[in-house]
Amino acid sequence: MSTQDARKNVILITFDDAVAFWKYKTAFGEALQTPNLDRICAESTAFQAAYCQAPVCSPSRASFMSGQSPHQSGVTGPYKNYFEKIPAEAMWPYKLKQAGYFCSSGGKVMQGYDALPDEIHQTLFSDNPKKFRGDWQIPEAISIEFGGLRGGKAAKDEKDDPRFYDHQAANSARSFFNNYKEDAPFYREIGFYGPHGPWITPRRFKEMYDEKNFRKPKAWQEGFDESAFMELHNSQNLNADKFKQWRKSVRNYFSALSHTDYHLGRIWDALKASRFADNTLVIIASDHGLHLGERNRFRKHTLWCPSSYKVGHQIGLSTGGSGSFV
């Protein structure tokens, strides 16, 4: 086997707006259910003290995909196309491609839920772009609402699971593992939609949680130091004193995270059952976090910990050896 053939494959899996899940297991009374993240972290290296470069999607993603800070790259806001600020050649997947890796993507990793523009994609990747339908496209006729911030929409029937972005992203990754036949090592991006709002899920993930069990942490009763700057630039968007609204909203977020965790498990099991199980490095990360009602915010964009304590918060580094991941 050549030196190049012996190099490990690399898989990067990203969540969107994911909180540091281990901090929320019992924080609100009702247990957050992430069985796949739990089992993966138990056999991996988990970094639990990392902060994102910016608590906004584009600056954070442009930063960790290039190694440049937002002020170095110029990507400091939610740009629709940040490649106008930073060239594709600055991204480290380009370096892997130049080094002989077969580079493939599926889902939101670099930017946006759509496939990258053809020219950008062709610079970075070795295969064709992939397009997935968004959760927001799920018809009202097959949905119900559970209430809470942004409605708490859910698809009623399990047969509609394939309509969800994360289902499609997981299927695409599983297909890649089954069909990749090249001699070159591969780099594969897998970008999840969840748990980004509006937290639409299959119904069973909403029903996984009993909203009546949600309680605010006692520490919240002590109040928070506020910031005039944040009040001006990142206003409150939820009155957490409206308890029913708050607990429905947290239920919606938890259900979205559990839904994405379910598809992470499908990917993980497919990878471990594949011929790549012994020679693959897997990185799992989120771009940043989200406030879940503290400071009357159910959003990102702030430098307070729940919003900024993220990239690396759930990075699992797993390399194969002796038939298993360690």
Side-chain angles (χ1 to χ4, degrees), residues 15-42 46 48-52 55 144-154 192 194-227 230-231 234-262 264-265 286 288-310 313-314:
F15 284 60
D16 200 340
D17 291 9
V19 298
F21 66 95
W22 59 86
K23 289 180 171 287
Y24 290 84
K25 282 296 184 178
T26 58
F28 296 138
E30 182 78 338
L32 172 60
Q33 300 182 46
T34 54
N36 294 299
L37 281 167
D38 295 345
R39 65 176 171 129
I40 291 170
C41 283
Q48 298 186 348
Y51 288 78
C52 67
I144 57 174
E145 290 199 353
F146 283 76
L149 191 66
R150 305 185 73 174
K153 185 176 178 180
F192 286 131
H196 195 285
W199 314 298
I200 303 170
T201 67
R203 178 177 186 164
R204 65 188 183 279
F205 289 92
K206 293 288 194 300
E207 294 176 340
M208 184 182 293
Y209 295 99
D210 185 347
E211 67 182 70
K212 295 180 180 178
N213 291 336
F214 284 99
R215 299 288 184 271
K216 295 180 188 177
K218 291 183 179 179
W220 286 18
Q221 298 175 7
E222 300 174 6
F224 301 92
D225 293 332
E226 293 299 340
S227 163
M230 283 297 167
E231 290 299 332
N234 189 270
S235 59
Q236 300 177 12
N237 68 330
L238 177 79
N239 184 352
D241 290 335
K242 294 184 177 180
F243 185 58
K244 291 183 178 180
Q245 173 81 346
W246 171 79
R247 67 187 186 187
K248 287 178 184 289
S249 301
V250 176
R251 184 271 321 281
N252 294 343
Y253 181 87
F254 274 25
S255 69
L257 185 50
S258 294
H259 177 228
T260 301
D261 177 81
Y262 167 76
L264 174 65
S286 176
H288 48 71
L290 200 78
H291 289 287
L292 297 182
E294 74 283 1
R295 303 177 186 273
N296 287 326
R297 288 170 173 84
F298 215 99
R299 62 191 311 172
K300 49 196 172 189
H301 300 130
T302 83
L303 295 178
W304 288 307
C305 272
S307 181
S308 64
Y309 181 64
K310 259 354 113 266
H313 85 277
Q314 54 192 34

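Residues: numbered from 1 along the sequence shown.
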Chemist: Checking K153 now: which residues fulfil side-chain hydrogen bond (donor to acceptor under 3.5 Å, both in side chains) with it, not counting sequence neighbours?
Modeler: E140

Chemist: Using side-chain hydrogen bond (donor to acceptor under 3.5 Å, both in side chains) as the criterion, list what pairs up with N36, not counting sequence neighbours.
Modeler: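 Scan of N36 (side-chain hydrogen bond (donor to acceptor under 3.5 Å, both in side chains), adjacent residues dropped) gives R39, D261.
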
Chemist: With sequence neighbours excluded, tell me which residues meet salt bridge (Lys or Arg N to Asp or Glu O under 4.0 Å) with R203.
Modeler: E207

Chemist: Distance from E294 atom CD to L238 atom CG, nearest 0.5 Å?
Modeler: 10.0 Å

Chemist: Using ring pair (Phe, Tyr, Trp, His ring centres under 6.0 Å) as the criterion, list what pairs up with F146, not counting sequence neighbours.
Modeler: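 Residues passing ring pair (Phe, Tyr, Trp, His ring centres under 6.0 Å) with F146: none at all.
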
Chemist: Sequence neighbours left out, what passes side-chain contact (heavy atoms from CB on, under 4.5 Å) with R204? Give chain and number order.
Modeler: E158, D161, P202, Y262

Chemist: I'd like to check the salt bridge (Lys or Arg N to Asp or Glu O under 4.0 Å) partners of K244; sequence neighbours left out, ordered by chain and number.
Modeler: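 Here no residue qualifies.
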
Chemist: Examine F205 together with H259 and report whether their ring centres are nearer than 6.0 Å.
Modeler: yes

Chemist: Looking at side-chain heavy atoms only, is the closest gap between H291 and T302 below 4.5 Å?
Modeler: yes

Chemist: I'd like to know if the side chain of R299 reaches the main chain of R297, judged simply by a donor and an acceptor atom lying under 3.5 Å from each other, with no hydrogens or angles considered.
Modeler: no

Chemist: Of all heavy-atom pairs between L257 and P195, which one has the smallest distance, and what is that distance?
Modeler: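 Nearest heavy atoms, L257 then P195: N-CB, 3.6 Å.
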
Chemist: Decide yes or no for F28 and N213: does some side-chain heavy atom of the first lie under 4.5 Å from some side-chain heavy atom of the second?
Modeler: no

Chemist: Let me confirm one number: the OG-NZ distance from S249 to K242, rounded to the nearest 0.5 Å.
Modeler: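 Separation between the atoms: 11.5 Å.
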
Chemist: In chain order, what residues pass the side-chain contact (heavy atoms from CB on, under 4.5 Å) check against K248, with sequence neighbours excluded?
Modeler: E211, R251

Chemist: Report the residues that fulfil salt bridge (Lys or Arg N to Asp or Glu O under 4.0 Å) with R150, sequence neighbours left out, ordered by chain and then residue number.
Modeler: none

Chemist: Work out which heavy atom in K206 is nearest to a heavy atom in A154; give both atom names and the distance.
Modeler: CG-CB, 3.9 Å

Chemist: Quick check: do D17 and L290 have side-chain heavy atoms less than 4.5 Å from each other?
Modeler: yes

Chemist: Does any non-hydrogen side-chain atom of V250 lie less than 4.5 Å from one of Y209?
Modeler: no

Chemist: Can you confirm whether V19 sits close enough to F254 that some side-chain heavy atom of one is under 4.5 Å from a side-chain heavy atom of the other?
Modeler: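 No, every pair of side-chain atoms sits at 4.5 Å or beyond.
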
Chemist: Could you check if a side-chain atom of W246 sits within less than 4.5 angstrom of a side-chain atom of D241, using non-hydrogen atoms only?
Modeler: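 Side-chain contact under 4.5 Å: no.
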
Chemist: For residues F243 and F214, establish whether the separation of their ring centroids is below 6.0 Å.
Modeler: no

Chemist: Just wondering, do L149 and N252 contact through their side chains at under 4.5 Å, heavy atoms?
Modeler: no

Chemist: Kindly write out the residues that satisfy salt bridge (Lys or Arg N to Asp or Glu O under 4.0 Å) with D16, not counting sequence neighbours, or none if the list is empty.
Modeler: R61, K108

Chemist: With a 4.5 Å heavy-atom cut-off, do F21 and C41 have their side chains touching?
Modeler: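 SC-SC contact between F21 and C41 confirmed.
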
Chemist: Say you draw a straight line from CZ of F15 to CZ of F192; how long is it, rounded to the nearest 0.5 Å?
Modeler: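 The distance works out to 5.5 Å.
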
Chemist: Please identify each residue that fulfils side-chain contact (heavy atoms from CB on, under 4.5 Å) with K212, with sequence neighbours left out.
Modeler: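 side-chain contact (heavy atoms from CB on, under 4.5 Å) check on K212 returns D210, R247.
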
Chemist: Can you check whether A18's main-chain N or O pairs, donor with acceptor, with S286's side chain at less than 3.5 Å?
Modeler: yes

Chemist: Could you tell me which residues satisfy side-chain hydrogen bond (donor to acceptor under 3.5 Å, both in side chains) with K25, sequence neighbours excluded, listed by chain and number?
Modeler: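 Result, side-chain hydrogen bond (donor to acceptor under 3.5 Å, both in side chains) vs K25: T34, D38.
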
